[in-house]
Amino acid sequence: MVDVLIIGSGPAGYTAAIYAARAGRSTKVIVGDQPGGQLTTTSFVENYPGFPEPISGQELMDRMRLQAENIGLAMEQDVIKSVDFSNQPFICLGESGIPYKSRSVIIATGASAKWLGIPGEAQYRGAGVSSCATCDGFFFKNKEVVVVGGGNTAVADAIYLAKFARSVVLIHRRDHLRAEKIMQKHLLEHPKISVVWNSEVKNIMGDGTKMTGLQLRNVLDDSETEKAADGIFIAIGHKPATEIFRSKLDLNDDGYIIAKTGSARTSVAGVFAAGDVCDPTYRQAITSAGQGCMAALDANQFLG
């Protein structure tokens, strides 16, 4: 049994592990099925403090893992499939069949972007296809980009990308947006942004190395057109990895773990959450790392 069991190995998980271990707590990290988390799918990171030159998401996470390993943290290549938070010690059962027992748990399982599931999307991910405007927008200076979606995230992404891109086209499968009215106003009045209504992306085309355009289908008359583009940003939402925590912890309507304001504490004493699994707003590596620190400090106080 350990003092702190950390589920997840992204920026939140590794930071929590480093802080927990340095506090003298026996700590174990369950790496999960995507070591390093979502950041490993990002081509280059330029906004993480301490790295004046661009660094790949994979290398950044490799460095975090190495830092954790240098402290002597135990890493388990396993995936948690069920949890029991009803009594102490907590028990988290791995797909390996191993029951991991701990006095506290930090959940850092993250969230994943919802994708369109169309041809070319996976092939050109990181080569023109992205789900994070604030992560990758800088790389599309003076280029033509497309945003897919109709909610607050899509509209905010389009407005943000207009700071860098030569032009931005928002594609929405309906004839009206779901975003807040004030955001719609900003978008529709922006000189660099246009909207293609009643349309969906059917295919993402490329030259084998990067995307070069996309194929659109009009949902009203089924007609198809092609559009050249240097990048496409999918903004149709995210899904937090919280399925195994349903009925175990308080979640919001979108499935995110509810953390008490100003802390990482969840609805169960001794269970904490950090990173994208409880953050539908910021979803940045730096905020996840900060929340991982908070979770470890909260866990240490709980154990004290």
Side-chain angles (χ1 to χ4, degrees), residues 1-21 25-41 61 64-65 68-69 71-114 238-252 254-259 264-280 283 285 288-289 291-296 298-300 302-303:
M1 187 170 71
V2 295
D3 292 330
V4 184
L5 184 72
I6 298 170
I7 308 175
S9 58
Y14 282 146
T15 304
I18 291 167
Y19 272 80
R25 301 297 182 182
S26 58
T27 305
K28 181 171 290 186
V29 178
I30 308 299
V31 173
D33 56 5
Q34 188 177 11
Q38 282 190 90
L39 203 63
T40 58
T41 65
M61 295 317 304
M64 287 192 189
R65 179 181 181 123
E69 289 176 336
I71 297 174
L73 282 164
M75 304 279 183
E76 291 289 340
Q77 300 289 333
D78 205 349
V79 176
I80 299 300
K81 67 176 184 178
S82 66
V83 297
D84 183 355
F85 295 152
S86 59
N87 295 292
Q88 284 270 12
F90 300 126
I91 300 176
C92 299
L93 182 63
E95 288 185 351
S96 63
I98 298 174
Y100 299 97
K101 299 180 181 181
S102 62
R103 296 174 61 203
S104 68
V105 173
I106 295 175
I107 300 168
T109 48
S112 57
K114 295 180 181 178
H238 285 72
K239 181 181 179 181
T242 55
E243 194 61 37
I244 63 172
F245 306 114
R246 291 188 183 277
S247 77
K248 310 291 184 180
L249 299 171
D250 288 348
L251 310 178
N252 70 11
D254 294 320
Y256 289 87
I257 296 174
I258 298 174
R265 297 190 299 273
T266 70
S267 55
V268 174
V271 178
F272 309 89
D276 288 5
V277 75
C278 60
D279 175 19
R283 301 196 306 269
S288 292
Q291 290 168 4
C293 167
M294 291 169 57
D298 285 348
N300 186 52
F302 170 80
L303 293 168

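Below, all heavy atoms of this structure are taken into account, side chains as well, without hydrogens, waters or symmetry copies.
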| field | Minimum heavy-atom distance between Ile18 and Met64, given as atom pair plus value | value | CD1-O, 4.4 Å
| message | Please report the interatomic distance CD1(Ile244) to CG(Leu249), rounded to the nearest 0.5 Å. | response | 9.5 Å
| Sub-3.5 Å donor-acceptor pair from the side chain of Thr40 to the main-chain atoms of Gly37, do we have one? | yes
| query | Could you give the distance from CG (Leu5) to CD1 (Ile91), rounded to the nearest 0.5 Å? | reply | 11.5 Å
| field | Whether Phe85 and Phe90 hold their rings parallel, tilted or perpendicular, with breakpoints at 30° and 60° | value | perpendicular
| Gln38 side chain reached by Arg283 side chain, heavy atoms, under 4.5 Å | no
| request: Give a yes or no on whether the backbone of Ala273 and the side-chain of Gln291 come within a donor-acceptor separation of less than 3.5 Å. | output: no
| remark: Of all heavy-atom pairs linking Ala295 and Ala274, the shortest is CB-CB, 4.0 Å
| said: Quick one: does any side-chain atom of Ser96 pair with a main-chain N or O of Asp78 as donor and acceptor, under 3.5 Å? | reply: no
| message | For the backbone of Asp254 and the side chain of Asn252, can you confirm whether one donor and one acceptor N or O come within less than 3.5 Å of each other? | response | yes
| message | Rounded to the nearest 0.5 Å, what separates atom OG in Ser9 from atom CG in Leu39? | response | 11.5 Å
| said: Can a donor-acceptor pair be found, under 3.5 Å and without considering hydrogens, that links the side chain of Thr27 to the backbone of Arg25? | reply: yes
| Between Pro35 and Gln77, which heavy-atom pair has the shortest distance, and what is it? | CG-OE1, 4.4 Å
| task | Taking all non-hydrogen atoms of both residues into account, name the closest pair between Asp3 and Ser26 and its distance. | result | N-OG, 2.8 Å
| How far apart are the C-alpha atoms of Tyr100 and Ile7, what are their side-chain angles, what is the distance that settles it, and do they pass the side-chain contact (heavy atoms from CB on, under 4.5 Å) test? | CA-CA 11 Å; Tyr100 299 97; Ile7 308 175; over 6 Å; no
| query | Is Ser288 reaching over with its side chain to a backbone N or O of Gly275, donor-acceptor style, under 3.5 angstrom? | reply | no
| query | Can you name the closest pair of heavy atoms from Gly10 and Met61 and give their distance? | reply | C-CE, 3.5 Å
| said: Could you walk me through whether Ile107 and Thr242 satisfy the side-chain contact (heavy atoms from CB on, under 4.5 Å) test, starting with their C-alpha distance in whole Å, then the side-chain angles of each, then the deciding distance to 0.1 Å, before giving a yes or no? | reply: CA-CA 9 Å; Ile107 300 168; Thr242 55; over 6 Å; no
| task | Would you give the length of the straight line joining atom CD1 of Ile80 to atom CZ of Phe245, rounded to the nearest 0.5 angstrom? | result | 8.0 Å
| query | Is there a donor-acceptor contact under 3.5 Å from the side chain of Asp250 to the main chain of Ser267? | reply | no
| Pairwise distance CG(Asp298) to OG1(Thr266) - rounded to 0.5 angstrom | 10.5 Å
| Going through the distances and angles, do Glu69 and Tyr14 end up as a side-chain contact (heavy atoms from CB on, under 4.5 Å)? | CA-CA 10 Å; Glu69 289 176 336; Tyr14 282 146; over 6 Å; no
| request: Flag yes if more than 12 heavy atoms outside Lys248 fall under 6.0 Å of its NZ atom; otherwise flag no. | output: yes
| query | In this structure, which one of Ser102, Pro89, Ser104 forms a side-chain contact (heavy atoms from CB on, under 4.5 Å) with Val2? | reply | Ser102
| Stepwise side-chain contact (heavy atoms from CB on, under 4.5 Å) check, Cys92 with Ile30 | CA-CA 10 Å; Cys92 299; Ile30 308 299; over 6 Å; no
| field | Closest non-hydrogen atom pair between Gly8 and Val29, with its separation | value | O-CG1, 3.6 Å
| note | The reported gap from CD in Glu243 to OG in Ser82 (rounded to nearest 0.5 angstrom) is 13.0 Å
